[in-house]
4 protein chains.
Amino acid sequence: MTKQQLSRRVEPRKLPSRSNSRARVEAILAATRELIFRHGLEGLTTNQIAEHAGIPVGSVYQYFPNKQAIVYALIQDWLSVLEDKLDAFPMEDYLQKGRDYALQQMSMTVTVPSTFDYERKLGRILLGAIDLYPELRELNDAHVEFCVESSVKFLKAAGSKWSVARLRKLGRYILEIRRTLYYTPDEIVADAIKWQEIATIAIISQCLDD
Amino acid sequence: MTKQQLSRRVEPRKLPSRSNSRARVEAILAATRELIFRHGLEGLTTNQIAEHAGIPVGSVYQYFPNKQAIVYALIQDWLSVLEDKLDAFPMEDYLQKGRDYALQQMSMTVTVPSTFDYERKLGRILLGAIDLYPELRELNDAHVEFCVESSVKFLKAAGSKWSVARLRKLGRYILEIRRTLYYTPDEIVADAIKWQEIATIAIISQCLDD
Amino acid sequence: MTKQQLSRRVEPRKLPSRSNSRARVEAILAATRELIFRHGLEGLTTNQIAEHAGIPVGSVYQYFPNKQAIVYALIQDWLSVLEDKLDAFPMEDYLQKGRDYALQQMSMTVTVPSTFDYERKLGRILLGAIDLYPELRELNDAHVEFCVESSVKFLKAAGSKWSVARLRKLGRYILEIRRTLYYTPDEIVADAIKWQEIATIAIISQCLDD
Amino acid sequence: MTKQQLSRRVEPRKLPSRSNSRARVEAILAATRELIFRHGLEGLTTNQIAEHAGIPVGSVYQYFPNKQAIVYALIQDWLSVLEDKLDAFPMEDYLQKGRDYALQQMSMTVTVPSTFDYERKLGRILLGAIDLYPELRELNDAHVEFCVESSVKFLKAAGSKWSVARLRKLGRYILEIRRTLYYTPDEIVADAIKWQEIATIAIISQCLDD
DNA sequence: AATGAATGAGGATTCATTCAT
DNA sequence: AATGAATGAATCCTCATTCAT
């Protein structure tokens with residue numbers, strides 16, 4: 001992606017309506033995901049994506065206004081899955097079962113990143129992409145906002161006396177702790193999940209004990 | 001950087017001997033650092049670097065065999081500063097002052113990343129670069145090794161009964177905890193440092209209490 | 001052409017299917033032929049070729065993976081014309097008309113290089129190109145093989161008792177005699193053809209008289 | 001060599017007077033010869049030559065005005081050796097011993113190219129260089145002139161009745177026959193020399209029998 | 001005279017995007 | 001709507017030659 005490409009529109013050109021359209025959009029995203037996973041972002045070309053997806057380049061531009069929009073959509077998908085996981089978590093149930101249990105569950109909530117090596121590598125690359133292209137930043141910001149809100153809601157419900165502002169800061173750091181899993185090498189994920197839980201409980205305890 | 005450029009030699013072409021040479025190497029690195037800081041890795045061109053450094057392109061290639069070699073040198077510099085900081089830490093002193101004090105200091109050791117926003121942003125970008133280009137990986141690996149060893153040494157000295165293999169895993173995760181600081185937004189660094197300390201002490205305690 | 005370019009793929013990127021494609025490939029080859037004829041191989045640039053062919057550089061690379069591939073195609077064309085000429089020669093007819101007549105015809109077969117100055121100069125340059133770029137060598141080797149086989153077949157048919165191995169050596173030298181025509185200055189081609197015939201008959205006689 | 005370099009002066013910048021100068025000129029030529037032999041003309045750089053010769057680039061330009069001048073000198077050396085060989089040939093002696101003997105010896109004269117593979121490959125490359133750079137053409141022309149004169153003198157002395165103009169044409173072709181040896185693969189040199197002799201005698205006979 | 005760092009125009013190749021069919 | 005050939009600005013890197021020291 002050259003400089004000129006920056007600051008372009010990134011919304012999909014059209015909402016895929018016909019099933020064929022959706023299939024093509026999926027094919028494009030799948031191809032991109034695969035290529036990115038295998039070779040990283042460097043050297044990713046639209047022609048390559050099209051070829052890998054089994055459709056002509058021209059058609060790629062039927063659904064995406066430019067190359068970044070594809071990566072944008074990829075990240076969007078990925079983040080929304082993460083957010084769905086967070087959303088689906090039945091926090092209320094656990095909160096009724098006592099502080100310790102709640103703490104443990106909260107830390108589990110934190111552990112969203114998939115423990116599957118494939119997803120973790122992909123996540124790492126996508127996280128890198130966010131840093132690479134300004135347009136993708138907004139996606140990250142929205143996601144961060146979502147995660148932070150999720151944490152704040154939980155911590156409040158768990159009984160924290162901290163101000164929302166302070167809880168938001170903590171929520172932001174909790175997200176960072178969660179993201180360590182992406183950068184953790186495959187060989188130590190199992191242990192890392194455990195340590196992540198310990199670390200999370202430790203810092204969360206602060207706001208519950210105050 | 002296109003695909004063909006990958007897997008190239010990355011050692012600086014020559015050791016700068018004449019004072020002018022050293023100045024030029026510095027100018028190149030400074031220019032690159034500045035450009036990377038401002039616009040990220042994307043769109044970084046050799047001509048841009050040369051222009052920014054106030055020297056002709058040809059001269060850039062007098063000191064570096066290719067573009068990546070410059071980024072390589074940049075990362076090398078950066079990591080070696082981090083390693084020097086770790087090395088300079090007088091761990092022994094603290095170990096004599098009791099477990100709690102030692103724990104706290106250990107966690108401080110962990111907090112190596114500069115708290116200055118500039119360095120943290122640069123560090124984040126350089127960390128991203130490592131993921132982008134295979135050649136840079138070796139630099140990271142060596143650095144990781146160094147940090148892990150440093151942690152293991154400390155934890156052993158602090159009295160951990162864990163096996164070296166297990167301590168190495170922990171050391172690896174401690175590094176990840178440390179790196180969270182790079183991804184922490186400027187507004188919450190102050191708090192993040194504190195939480196990072198808490199989190200670190202919590203996970204380190206495991207291996208000391210066993 | 002710099003060193004890095006050597007050992008690259010040289011097959012045309014795609015078989016020209018649409019008439020326009022074929023026309024463009026022709027235009028590229030014609031432009032290259034013309035430029036090479038006028039200025040030699042040195043200083044031949046892809047931009048020059050494109051400009052001369054009246055198409056953008058990018059389009060040149062639509063049909064040829066790199067500069068050498070163009071020269072490769074040029075040589076391929078040229079050699080295949082030569083081989084067609086050899087193939088088209090009705091050797092059998094002549095063999096029945098007696099040794100002397102056959103000998104004369106054989107030597108005529110040998111005289112394949114065009115007597116037109118343009119083609120001879122071009123041939124000389126292309127022959128030089130083969131020596132310049134390793135990839136082109138395989139083309140020459142295949143052509144040599146073809147010519148040698150052609151000679152051996154003829155000499156056998158003409159009644160030579162020599163072993164195939166020996167005839168192959170002779171065939172290889174006959175090719176060299178044929179190629180003298182390329183290096184012969186325009187002013188003496190007419191005579192050179194005659195002398196070439198004499199020379200050829202003389203050395204061929206050896207294997208028929210043994 | 002880029003286009004701009006063409007049409008430059010090619011005489012050595014200074015006649016090497018001091019022994020050190022001569023040694024350096026020799027070193028430059030030897031290095032160039034070696035590099036050309038190994039990698040051909042493509043990719044030959046002055047820096048490479050200097051490094052291989054063990055002297056600084058700047059010094060190369062003390063003795064040669066530009067890169068081509070080096071190749072020029074190399075070819076000059078090579079051709080002068082060939083001419084010395086021709087000169088040293090005691091043709092008169094042989095002419096007194098009868099036509100057949102003379103013919104045979106004449107054809108030997110023709111066989112000047114070294115039968116050593118190294119020299120033959122080098123000669124082939126140098127011959128190619130002549131075709132590549134216009135400036136080198138004059139060297140070839142002078143050499144051709146020399147060889148033609150040598151042949152004419154011999155043929156006249158041997159009793160040919162042909163006009164000088166016609167003998168010059170024959171002489172020119174005899175040179176071409178001689179040059180076939182350069183293009184002959186190593187495996188068949190031995191046989192090629194024999195066939196070259198036969199071919200030469202055959203065409204020379206024409207002018208003696210008329 | 002000797003040096004070798006400095007120069008910068010030039011060249012091969014790429015690739016996001018368009019648009020004629 | 002679908003296609004995929006066409007485009008050409010942009011990018012990395014080279015290297016003959018110079019000239020300050």
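So you know, we letter chains A, B, ... as the sequences are listed, proteins then strands, and number each from 1.
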* Can you tell which of E/dA2, F/dA5, F/dA2 lies closest to the side chain of D/Asn20? -> E/dA2
* Asked: So, does D/Ser59 use its side chain to make a donor-acceptor pair with the main chain of D/Gln62 at under 3.5 Å?
  -> no
* Quick one: does D/Lys67's side chain have a donor or acceptor within less than 3.5 Å of a partner on D/Leu44's backbone? -> yes
* To do: To the nearest Å, give me how far apart CD1 (A/Ile55) and P (F/dT3) are.
  => 8 Å
* Asked: How long is the gap from CG on C/Leu74 to CD on C/Gln68, to the nearest 0.5 Å?
  -> 13.5 Å
* To do: Using the criterion of both pairing distances under 3.5 Å for Watson-Crick and G-U wobble pairs, give all stems of 3 or more consecutive pairs involving DNA chain F.
  => E:2-21 with F:2-21
* Which part of the nucleic acid does C/Thr45 contact within heavy-atom distance under 4.0 Å: base, sugar-phosphate only, or nothing? -> sugar-phosphate
* **Rounded distance in Å - CD (D/Glu51) to C1' (F/dC15)** => 14 Å
* To do: Looking only at side-chain atoms of A/Tyr61, point me to the closest of F/dT7, F/dT17, E/dA16.
  => E/dA16
* Asked: With a non-hydrogen cut-off below 4.0 angstrom, is B/Ser59 in contact with a base, only sugar-phosphate, or nothing?
  -> base
* Structure fact -> Sorted by chain and number, sequence neighbours left out, salt bridge (charged side-chain N to carboxylate O under 4.0 Å, His left out) with A/Arg124 holds for B/Asp131
* Asked: Can you tell me how far C1' of E/dG4 sits from CZ of B/Arg24, to the nearest Å?
  -> 13 Å
* Provide, to the nearest angstrom, the distance between the CD atom belonging to C/Glu42 and the P atom belonging to F/dA16. => 10 Å
* Counting distance only, does the side-chain N/O of A/Glu51 pair as donor-acceptor with the main-chain N or O of A/Thr46 below 3.5 Å? -> no
* Could you tell me whether the side chain of B/Gln48 and the main chain of B/Gly43 form a donor-acceptor pair under 3.5 Å? => yes
* **Spacing of A/Asn140 atom CG and A/Leu136 atom CG [to the nearest 0.5 Å]** => 9.5 Å
* Structure fact -> Rounded to whole Å, the CD1-P distance (A/Ile49 to E/dA16) equals 8 Å
* Structure fact -> Here the distance between atom C1' of E/dA16 and atom CD of A/Gln48, to the nearest Å, is 13 Å
* Name the residue closer to the 5' end of DNA chain F, choosing between B/Val57 and C/Pro56 according to the nucleotide with the nearest heavy atom. => C/Pro56
* **Distance, rounded to the nearest Å, where B/Tyr63 contributes OH and E/dG4 contributes P** => 13 Å
* Asked: Would you say F/dC12 has OP1 or OP2 under 4.0 Å from some side-chain N or O of B/Thr46?
  -> yes
* Asked: To the nearest angstrom, how far is C/Ile28 atom CD1 from E/dT13 atom C1'?
  -> 14 Å
* Given DNA chain E, 5'-ward residue of the pair B/Gly58 and C/Gly58, judged by closest heavy atom -> B/Gly58
